[in-house]
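Read the structure below first, then the notes.
Order of listing sets the numbers, starting from 1, for every ligand and every atom in it. Quick note: numbers below take in every heavy atom, side chains included, and nothing from hydrogens, waters or symmetry partners.
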Amino acid sequence: MSKYKAVIGLEMHCEFKSNSKVFSSARNSYSEIPNENISAVDMAFPGILPVVNKKCVRDALMMSMVLHCKQPEFMYFDRKNYYYPDLPKGYQITQMTEPVGIDGCIEIECNGERKKVFIHDIHLEEDTASLDHYYDTSCIDYNRAGVPLVELVTEPCLNSAEEAVTFLETMRSIYKYCDVSEADTKKGQIRCDVNISIMDWDATEYGTRVEIKNVNSFGGVRDAINYEIKRQSELKDAGRYSEVEQETRRWDEEEGKTIRMRSKVDAIDYKYFVDPNLPKFKIAKEWLEEIKKDIPLLPLERKEKYIRELGLSDYDAGIIVKERNYAEYFEECLELGIDAKTASNWLSTQILGQINEKEISLKEFYLTPTLLKQIVEEVNKGTISSKQAKEVFYKSIDEKKEPKSFITNDMTQISDKRELENIINTILEENRNQVKEYKNGKDNLFDYFVGQVMKNTRGKANPILTKDILKEKLNN
Ligand code: ADP
Ligand code: MG
């Protein structure tokens, strides 16, 4: 146990998917060409009027329900007033008084232990433009202005860098499962502010909080938290805790440290008021019910189900639920009649190995569950060994040809009962002592006999038939 208790609260921003932006008709899609996806609304031209995107409201409400938050009766937006070149209107449209969700909680699993993370609120807002700084110039790119942004604020209830990162990973996975966001950190779609303080284990009051702004990778979040815990702890150890100031810092990836930006004495007064251009509307109960029906089975619940109903190990189930694509591939295999354990093995080793190596998504992967079934069936029938099955698998994906076309006669195993019986008889003769020991209860010798048969046939003996014959002969 570390000397002090770390207290962490996160503000997680995530850009959501939609055809058009949250308050304008400009396209919401990532573009390398500056100012390609913009409209007069995003540029804040005089007389512009925002219109709220229903899909964005729906997705934000869905997340509010996923997080077990309370939804408001009415939907409306507030203006957060401040001036910055990336905000041409001089205010950001956001939600302050009645966000889409408050007082929620969600379970995470960190190092095999479940933990409830409490959610202060979740709200829908618009992203700002982005600034590109050059040597003596800065350029403004309005593509990002007005992109739907959902901000999630946790209570200060996380206690380690690992828990914080696990929470972020859980949320990213949920966003992707629900198909509300690509949640791609590399595209800057997820950005976090990390708040950290430390306290004595028996203290009743929180310590002084430091805020680290805009950390944009999960690795960065982990390193920044660990750095900050160490920095604050060292000051406290040295009796200089008063030097931990309530301030805003930034994470410098290259230097590997947090650097002070400014002090944060009082909350800035943004002069919030209700945006008069966006009429307040009632959130119908029926609409909420409809949205609720579209919530898929989420990763942790799905994992529990796989363990409980299919007998998968915690580890295997954990891999399959990592992405919705994986889980869907797996379930398609089950529907085709492939046994759960077999499907799980193929998926978590060969298949994920291949898609990672080739850097493709499972959707682009040549060997569909239907094609995988061709291989699995032959193994089950005993026509090919599991080693040969793997060869067929790799040939099939390399040449993009059905597995069937690689399953040839010369692969065929020794499946002739007579022939195998002869081989097995010889082996049992040669291993009389072991046979005696086996009959006296040394059960694990069974695998030894199977091994001998395989060795003798250079792996060509049909394993199922081999086991059947061995059992018959040894148990009589
Ligand atoms: P602000 O708007 O100034 O960032 P908030 O009250 O919205 O302030 O808090 C932001 C985040 O700070 C929340 O995620 C909250 O959990 C976290 N937080 C508050 N107090 C502490 C603390 N003492 N230590 C760590 N995190 C804290
Ligand atoms: Mg903050």
Side-chain angles (χ1 to χ4, degrees), residues 2-14 63-64 67 69 78-82 84 87 91-92 94-106 108 115-125 128 149-168 170-171 190-215 218 221-222 224-233 235-236 241-251 258 260-272:
S2 54
K3 192 161 173 199
Y4 304 112
K5 180 175 180 180
V7 175
I8 301 154
L10 299 171
E11 295 159 81
M12 178 187 194
H13 291 89
C14 184
M63 288 312 109
S64 166
L67 292 165
C69 286
D78 300 290
R79 286 187 182 181
K80 178 179 180 178
N81 299 284
Y82 67 94
Y84 205 68
L87 191 73
Y91 60 85
Q92 179 192 29
T94 180
Q95 293 189 297
M96 217 279 284
T97 39
E98 286 207 71
V100 284
I102 54 163
D103 295 338
C105 92
I106 184 111
I108 61 168
K115 176 178 175 121
K116 271 196 174 127
V117 178
F118 296 95
I119 308 298
H120 180 274
D121 77 271
I122 175 169
H123 56 266
L124 176 61
E125 57 189 27
T128 59
L149 196 64
V150 165
E151 178 173 352
L152 182 68
V153 183
T154 76
E155 297 291 350
C157 62
L158 296 155
N159 301 108
S160 68
E162 261 184 323
E163 281 183 8
V165 171
T166 304
F167 171 76
L168 294 173
T170 305
M171 283 316 301
I190 295 180
R191 307 186 293 270
C192 298
D193 297 347
V194 184
N195 299 271
I196 315 163
S197 62
I198 56 163
M199 64 197 278
D200 288 316
W201 284 96
D202 56 0
T204 48
E205 261 177 52
Y206 290 140
T208 307
R209 144 170 87 114
V210 164
E211 175 191 57
I212 309 167
K213 276 258 178 239
N214 270 322
V215 191
F218 293 177
V221 170
R222 184 194 58 228
I225 291 174
N226 285 330
Y227 177 86
E228 209 37 50
I229 292 175
K230 187 160 173 274
R231 186 185 73 88
Q232 295 179 21
S233 300
L235 283 170
K236 200 167 160 85
Y241 189 63
S242 58
E243 286 174 39
V244 175
E245 223 191 290
Q246 185 167 314
E247 63 188 359
T248 300
R249 299 174 78 91
R250 66 180 176 83
W251 171 243
T258 62
R260 179 190 156 94
M261 292 166 77
R262 53 184 177 265
S263 89
K264 183 174 175 139
V265 186
D266 287 308
I268 305 168
D269 184 358
Y270 290 105
K271 308 278 182 216
Y272 282 98

Thr208 and ligand 1 - part of the residue with a heavy-atom distance under 4.0 Å
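Neither part.
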Record the part of Val153 in heavy-atom contact with ligand 1 below 4.0 Å; permitted values are side chain, backbone, both and neither.
side chain
Can you tell me if His120 has a non-hydrogen atom under 4.0 Å from ligand 1?
no
Return the CD1 to CH2 distance between Ile225 and Trp251, rounded to the nearest 0.5 Å.
10.5 Å
Within the structure provided, determine whether [X] and [Y] are in side-chain contact (heavy-atom separation under 4.5 Å).
X	Y	value
Arg231	Val210	yes
Val194	Leu10	yes
Pro156	Phe118	no
Leu152	Leu67	yes

Which of the numbered atoms in ligand 1 are below 4.0 angstrom from a heavy atom of [X]?
X	answer
Leu10	14 (O)
Gly207	23 (N)
Glu11	4 (O), 10 (C), 11 (C)
Tyr206	23 (N)
Lys264	1 (P), 3 (O), 4 (O)
Val7	24 (N), 25 (C)
Glu211	4 (O)

Are Glu151 and Lys80 close enough for a salt bridge, meaning some N to O gap below 4.0 Å?
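Judged by the 4.0 Å cut-off on N to carboxylate O distance, Glu151 and Lys80 do not form a salt bridge.
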From atom 24 (N) of ligand 1, work out which of Cys157, Pro156, Ser197, Cys192 has a heavy atom at the shortest distance.
Ser197
From the candidates Met12, Glu155, Met199, Arg209, the one that places a heavy atom nearest atom 5 (P) of ligand 1:
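Of the listed residues, Arg209 has the closest heavy atom.
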Name all residues meeting the side-chain contact (heavy atoms from CB on, under 4.5 Å) criterion together with Asp200; count only those two or more places apart in sequence or in a different chain, and write none if there are none.
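In terms of side-chain contact (heavy atoms from CB on, under 4.5 Å), with neighbours along the sequence ignored, Asp200 is linked to Tyr4, Asp202, Ala203, Lys236.
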Answer yes or no: is there a donor N or O on one side and an acceptor on the other, between the side chain of Gln246 and the main chain of Lys264, under 3.5 Å?
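Checking the backbone N and O of Lys264 against the side chain of Gln246, a donor-acceptor pair under 3.5 Å is found.
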